[in-house]
Amino acid sequence: MAIINEIQEEEEQQQHEESKTYDVFLSFRGIDTRLGFTHYLYEALLSENISTFLDEQEVETGEELKPELTRAIKGSRASIIVLSKSYASSTWCLDELVLILEQRKVSKHIVVPIFYHVEPTHVRKQESSFGEALFKHRQRMEAEKDEEKKRQAARKLESWTAALKEVADLKGKDVNGRGIDTRLNFTDYLYEALVSENISTFLDEQEVETGEELKPELKRAIKGSRASIIVLSKNYASSTWCLDELVLILEQRKVSKHIVVPIFYHVEPTHVRKQESSFGEALFKHRQRMEAEKDEEKKRQAARKLESWTEALKEVADLKGKDLNGRVEKEFIEEIVKEISRKLDIHMKSKIPHLIGRDRFLYTIRSWLHGGSSDTTEILTIWGMAGIGKTSLAKHIYLLYRHEFERSSFVEDIERRGQQSSALPLLQNKLLGDILKKRKIEEDDVQNCTSKIETALLHKRTLVVLDGVDNFEQVHDLVGREGFHPGSRIIITIKDGSITDKALLLIKHPPKHTKLALDGLRSTDSLRLFCWHAFGGYSPKEGYEEDAIRASKYCGGHPLALKVLGSSLLNEDADTWSHTFTMLESREFQINNVHKVLRIGFDSLPSDCKELFKHIACFFVGKETEVTKAILKDCGVHPSYGVKKLIERCLLTIGLGKELKMHQLLQDMGRDIVRQESFHEPWNRSRVWNHEESLNILQEDKGTAKIQGLLFDKKMLKTETLLCGSSSAIDHEFEDIDLNMNFGVGPLFSTRLEFSSSSSRKIELSTNALNRMEKLILLQLNHVKLNGPFKNFPKGLRGLCMHGFQSEYIPSDLPMDHLVALDMSFSDLKKLWRKPKLLGSLKYLNLSYSKLVTIGGFKELPALERLILTRCESLTHVCESIGECGSLVVLNLSYCSKLKNLPIIIRKLKNVKVLTLDGCGAGVFDKERKRMKLLNVPNKDGVFTKLQAFFYSITRLQPNSQKSISLSLPSSLVTLSLTENNLSSESFPVDFSSMSMLKNLYLDCNPIDSIPDCLKSLGRLEVLSVGECSMLKSVICPSSTIKRLYVDDCDLLEKVTFYQEMSAPPLICCYESESLTEIEGILKIQDLAQVDNEIISSLGWTDIHYVKDYEMESFNYFVGRFHSKKLPVQMLYEFGIFSTCFPGKEVPKWFAHRSNVSSISFTMPSASSNKRIEGINICFVHRFYADCSVSCISTEVKNITKDRSWNYLNFMGSKRDDGEDLVRLSHWMFGNNELEAGDEVSVIVRSPWNPIEVSEFGMSLVYSDKDKESVDPLSYYKSWKHIIGRDLSAFELTPGNYDLFNRKFCPNPLNFKREFVDVYAGEHWHTGRNGDVPEDTISRRAYC
C-alpha cells in the first residue's frame, strides 16, 4: 500500500498533465512474479481505481519490443518496475526499462523500482543473476556474424547496462526478508485470506533453529484445531520443527476428524513421497546429525524420530492435496480457502438467523443463486411488509453462501441508518472495505467512493446484500450504475417492490431482475415459531397447548408479532398468559409493540393513500379490487394510484380472485388509527365498522357529518334479545355464510339454503338517523326494517348494501344518482321498481336469493357491468331490454330454476364475457320441449335433450332432424358455465366456432361419457372443467391451448390424452378419480401381470413371474386416494423410470452389485464394442416401522464425475404390517450419455417423511445389442417427452440436477391454486368451484 500511496501523491502534484491512456505501466519478468507478487500488485492497483497496463504474453529472448507496449509506456503516467532474479535475462524487459527511463527524462513520467528478492547493488553493478544474464547477452552479441547487427547489439547492451545502473540509484521499494520459502509471500497471503473469511487461523510467527523441540503452545494449537494446512516447500523438511508438526498433525487425523490439506508449493509430490531432491537432502543431513550423536539414548530417540518423519512424509504425499505449479497464487489461495470453509462448515459458525417455515423461500433463493449462468449478473428483490422476515431470510442466505463468491458484503438496515446525516459515507466505506478486504476505509466523498465501489464490483464476483433500501438513489450510491462482474449476485430487501425497478433503469448493463414477495407463515409454522420463543422448543409445554394455538393464531403468521408475543410469555405463569390475552383483546399489545414496526410503512404514505388504506382496512378487505376502485373513485383518494402504492409498500396484496387482502395486524392497525380519531365517541370517527357501535349510533340518532362509511348487520351482533319477527327473508338463518356487504367477491352458494325463522330477532330503524351523515359514501344495513322516507338517505352514496330488504320494490325516493354498487340479496323484492329510474352510475347489481318474479327496466341502467341473480328461484322472465346494457360483462343466472326463457337479444351483447347458467334446465327446458313437439322434431329416448330446447330458446333457430342445432351465444364470451344441467355428450351443438374468445368452459356434474367433438373448434380454450362427471370414461384434450384440466371425482375415468403438438401438458387436477391409470406422456399404471413379457425382458427383470399373482394394499397419491385398496402388483412408468413393489425379503439374485445399507456406489464399466448401456436396475428391501405403515420413497442417482443427479419421488404408496418387508424394484432408462464408462455413480434411497430400514440394496446394469435389428418393445415409452435423456427442463433445480416429482403437472389439489398461479404468473384469477379461473371468470359466485 505504501507504493500505491506514493504514486497517488505524485499524481496529485501533476494534475496539469495531459490525459493519459493508463495511470501505471507494469514492467516485470513473468516467470518470476506473474502468478504471485505482480498479480497481487495489479489487483491492488485496480481496486484503488488506478488504470494499469499488464502485458499477459511471455516472450522469447531476443524478440523486439511490440508497438503496443511502446504505446502503453508512452501513454502511461507512471511505471512500476519489478526487478526480480530473471528480469535481466529478458531483452524485452531491458528494452522496456530503457524506454521507461527515456520517458522519465522527456516527460514527468513517474518511475518506481521494486527490488523483488534482489539486492539493489546487484542491479547497479550487474552482479549475481543480473551479471550472469548480461554475460549471456554479451556472448550472443559476440557470436553474431552480421557486423551491422553486432553493432546494434553492442549499443543495446550498453544502454541496458546504463539503464540498470540508473534504476538502481532511484528511490525504490525493497521486498526482502529473512523468512525462508513462503512466510513473507504465499503463507502471509494465505493467512490473510483465511482470516478475512472468518476462519480462525493459528500462524506461528517465530523462526526456530534446526533441532529445537516443538513448543507446548504449538502442540495445543494443533490439537485444538479442526484442520491443518501443510505448505510443503523446498526447505520444509530441513526444519525438525516442521517435521514434528507434521507427525503430530497426522496423528490427530487418525484419532479425530482432523482435516489435513497438503499444499505442494513448487515441489513434486513424488519427491516428498520418496524423499528425493531437497527432501532427500534434508533427511540425509538429519541422518548425519543422528549418526554423529554420541549419547546413545539421544541417538535412539533421533532414529525413532527420523523413522516417523519418513513415514509421515510418505503419508502426507498420498493425501489429496493442492499443487501450486503453474497456478496463479491468488486464485490458488482462494480455492484453498473455499475448500477449508466448505469442509469446516464455517458458515455455520456465524450467527445465522433461526428460520422456521421458510423452506420454500430458501429453496427458491437457492435455485436463483445457483441456477443462473456464471456469465450473467442477477438481482433478487425480497419484498414484504415490515417485520415479515426479509432481513432474517437474506442474512441466512448470505451467511450460508458468501464463501462461494470472491467477495461479499451485507449492508444492513439502510433505511434506519440512512436517517443519520453521516450515514451514507459509512455505508459506502463498509461495502468498499468488504469488497477490497480492507479493515478500514475512510472515504468521505460520496461520489468518489461510489466510483471506487463501481470499479471493485466490476473486477470481483461478488455477493452483495442491501438490506432495508427505501429509495432507488441508495442503490445507485452504494453499487453505482456501471454494472457488476459476471456471476455476481445482488440481494435487495425492501418494503416497496417498485424501487429496484426504478434503480435498474439507470444502470448501464442492467442485470436480470427477480422479485420474491415474502408473505406470512402458515398456521403450523406460526405455532412452531411462537413456541420457539415462548417455550424454547417447537411444541407447547404441557397444559399450554390451547393457549399457544390461540396466541399464534392471533398473530396471523406475522413473524415479528410471533416473536414479540412469544418472548413476552417466556417462563411466565398462567396468570400472565391470561393477562396477555386481555391485552390482546384491548389492542394494547399491538399499539405498544407490533404497530410501531408496522406504522413505518403507513407513516411514509401520501395523505390520500393514508385515507385509502383506512377505507380498505375498515370496509374493503376481501372485496374485489375493481369494485372497490369504482366505489371510491371521485372520493378524493385516487384508488388506482393508491392501491398500486399500498401494494408497493407491502401494506396490501391482491388475492387470487383479485380481492383486496391485508394482513390481520395491518387491518387492526388501520382500524386503531381510525379509532384514535375519537376513542370513546364512534360517531365522531370517519368510519364505523363495529356493528354494535353502528346500531347505537342509528338508534340514538348520533350520526355526524364526519362519518364516511357505516356498516350494520343484525346477524353480526353478539347478543340477541329481541323477539322473533315475521317470516320475511330477514329472518332466514344462514350458517357459515358471510352476509357482509357483497359489492365485490361474494360467497359461493352451491347448495340450496335451509331457512328458519325460529331464532331471528327484529330490529327497526328510522331513516331519520341518516339525516346528518351527509358525507356518507358507503352504507350497509342488513336484515333490518326501515321506517320513514328514503329521501333521508345521504345523496352521495356510492355503495349500498341492504340484505333482507322487506319491500317488494326499490323505493322511488331512494337517492341513487351516484350509486355505483347495489346489493339487495335475500330481499323480498319481486320487481326492481314500480317505475324505472335512470341510474347512470350503477355498475354492479346483486339481487341473489331474492323473490324476484320478473326483472326489466334495463334501459335505465346504461352503465351496468354485472348482474347477479343467483338462486332467484321465483324468477320467470328477463326482459328483452337487457339488450340496452351495452356495458354488461357478467350475467349470472345460476339455479334460477323457474326461468321460462332467455331474451333473444342476449346473443347481440358485445361485451358479455361471463355467462353462468348452472342448474338452469328445469323450467326453461320443459317449455322448449313442448315447442319441439309442435315442430315435429324427433325426440329420441324422451329427450332431443333438454339442452336443445334450451338452446332453441336462445337462438330461435329451427332444429334440423339430421343434426344438432347450432348454438349462438354472445361471441364475446370468455367464460361459460353449464354445470349441473343434465347434459349428455350428444346434447352439444356441432360448432362452437362462433365463440372464438372462449377460454374457460365448465361442464361439471353432467352425465357426459366423453369430451364432445364440438369443443375442438374452441381455439383459445385454456380451462376445461369436467369434474364430477360420473359417466366420463376418457378425456381427449380438445385443444393444444389447454392450460388446466379438471377431471376430479370422475369415478369411471381411465385415461387422459393430449394433442401431440402440445409443448407441455396442462396442469391436471384428478383428485378422487380412482380409476385413472394413464395420463399420456406423464404417467402410466398397469397391473404387472398384464405387462407384455417382451417389455419385462427388455427391462432386464428376470425371475419375477412369481410376483404377478400377488395382491397388495396400495395407495395412489396422484388421484388423492389415501385409503388403501387391495390390488394386484402394479407397475408405474414416469420420467423414463419403471417401478414396482411387492412382498419379499431379498434382492433378486441377478443383481451384481449389493450393499447392506441404503446406498451403493460403483464405477461404470466399459462395455464391449457391440453393446450399449440402456439403463440401470435398482432394487432394495425395506421394512416399515411400527408407526409408519405407508411409504413414499425417494431414490437419487448421482453421476459424481459429471456432477449430475436425478432425484425421483415415487408416489405409489403401499401398506404393510409392522415388521413386514417390501421389495422395491425400478428400471431407469438412460440415454444421451448420461452414464459413461469410468463415471463414478452413487445411488441412495430415503423416505422424505418417515424413517425406513433398508436391509439389502442391489444395482445392475442393462445392456442392449447394437448389431441386433428388431422392434424395440420400449419404443412407446421412449417416445415420451419428459423422460431422462430428453426434456426435463421443467424439473431442473440447478444445472444438471433434476427433481423428478410429477406434482409439476398433477399438483396436490390443496396446492393446485398456488401451483397454477406460479406457472402463469402475471395473470389474475378468480375463484371457481375447483380453484381459480381467469380474471374475466366470475362464475359460481354471488357477485354484486
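- Pairing each heavy atom of L463 with each of R402, the nearest pair is CD2-CA, 3.9 Å.
- Side-chain atoms of I654 and L660, non-hydrogen and from C-beta on, do get closer than 4.5 Å to each other.
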- Item | salt bridge (charged side-chain N to carboxylate O under 4.0 Å, His left out) between K460 and D434, intermediate numbers included | CA-CA 11 Å; K460 296 294 178 185; D434 288 342; over 6 Å; no
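- For the pair W383/I647, a side-chain contact is recorded, criterion being any heavy-atom separation below 4.5 Å from C-beta on.
- Among the candidates F1301, F1135, Y1208, the single residue satisfying the ring-ring contact (aromatic ring centres under 6.0 Å, His included) test with F1291 is F1135.
- Residues Y544 and L569 fail the side-chain proximity criterion, which asks for heavy atoms closer than 4.5 Å.
- Ion pair R671/D668 not flagged as a salt bridge, since none of the NZ, NE, NH1 or NH2 atoms sits closer than 4.0 Å to an Asp/Glu carboxylate oxygen.
- With E659 contributing its side chain and E624 its backbone, the two residues share no donor-acceptor pair below 3.5 Å.
- To the nearest 0.5 Å, atoms NE2 (H370) and CZ (R489) are separated by 9.0 Å.
- For the pair P559 and R358, the minimum side-chain heavy-atom distance is below 4.5 Å.
- Separation of the Y401 and W368 ring centroids does not fall under the 6.0 Å cut-off.
- At least one donor-acceptor pair closer than 3.5 Å links the side chain of Y398 to the backbone N or O of S409.
- At a threshold of 4.5 Å between non-hydrogen side-chain atoms, the residues L393 and T493 do not count as touching.
- Note that CG of L651 and CE of M385 are 7.5 Å apart. Values are rounded to the nearest 0.5 Å.
- A heavy-atom distance below 4.5 Å is not found between the side chains of F410 and L399.
- Partners of D467 under the salt bridge (Lys or Arg N to Asp or Glu O under 4.0 Å) rule, at least two apart in sequence or in another chain, do not exist in this structure.
- Of the possible polar contacts, one joining the N471 side chain to the Q474 backbone as a donor-acceptor pair under 3.5 Å is found.
- Atom CD1 of residue I490 and atom CG of residue L478 lie 11.0 Å apart, to the nearest 0.5 angstrom.
- Residues satisfying the side chain to side chain donor-acceptor pair (under 3.5 Å) test with T500, not counting sequence neighbours, are T381.
- Counting heavy atoms from C-beta outward, I1200 and S1242 have side chains that approach closer than 4.5 Å.
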